[in-house]
Amino acid sequence: MTALLHLLVRQNDASDPILDPTPTPVPLPLPESGPTTGGVRHARPVIAFIIGLSIIILASVLNAAGLNLTKLDHVLVAPYHL
């Protein structure tokens with residue numbers, strides 16, 4: 001019985017690094033400085049705007065083309081559904 005208590009006390013010893021409640025400092029990565037590390041958000045806002053605008057315009061054109069094809073199909077097939 002005493003050996004079991006001794007074993008439990010030894011397992012809960014505060015010197016164990018896993019059970020130690022004090023936090024261990026973790027080094028944070030230092031930000032790199034320079035002209036190439038600005039990231040995508042800060043690199044070229046004009047180019048990002050042009051790319052975004054072209055994607056929106058392309059999506060609008062494809063949407064209109066799909067609606068026109070749907071309308072054309074409806075007009076061509078509708079006389080046969082009398």
Side-chain angles (χ1 to χ4, degrees):
M1 183 76 166
T2 309
L4 180 61
L5 288 175
H6 183 50
L7 181 65
L8 288 174
V9 169
R10 210 170 78 195
Q11 284 181 351
N12 292 331
D13 189 14
S15 64
D16 188 7
I18 295 175
L19 299 175
D20 190 14
T22 58
T24 305
V26 177
L28 298 175
L30 297 175
E32 297 179 14
S33 61
T36 60
T37 59
V40 176
R41 293 180 294 169
H42 304 292
R44 302 180 198 271
V46 174
I47 293 176
F49 175 77
I50 292 172
I51 291 172
L53 184 64
S54 62
I55 289 172
I56 290 172
I57 290 174
L58 179 65
S60 298
V61 168
L62 291 175
N63 188 21
L67 290 174
N68 285 334
L69 285 175
T70 303
K71 182 180 178 183
L72 179 65
D73 181 56
H74 178 69
V75 169
L76 292 177
V77 175
Y80 298 113
H81 289 290
L82 292 176

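As the structure is a prediction and not an experimental result, all values here were calculated from the model.
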Visitor: Let me confirm one number: the CG-CD1 distance from L53 to I50, rounded to the nearest 0.5 Å.
Guide: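 Going from CG on L53 over to CD1 on I50, the span is 8.5 Å.
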Visitor: Of all residues at least two apart in sequence or in a different chain, which pass the side chain to side chain contact (heavy atoms under 4.5 Å, CB included) check with L62?
Guide: L58
Visitor: Output all residues satisfying side chain to side chain contact (heavy atoms under 4.5 Å, CB included) with L67, sequence neighbours left out; order by chain, then residue number.
Guide: N63
Visitor: Of all residues at least two apart in sequence or in a different chain, which pass the side chain to side chain contact (heavy atoms under 4.5 Å, CB included) check with I51?
Guide: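 Listed in chain order: I47, I55.
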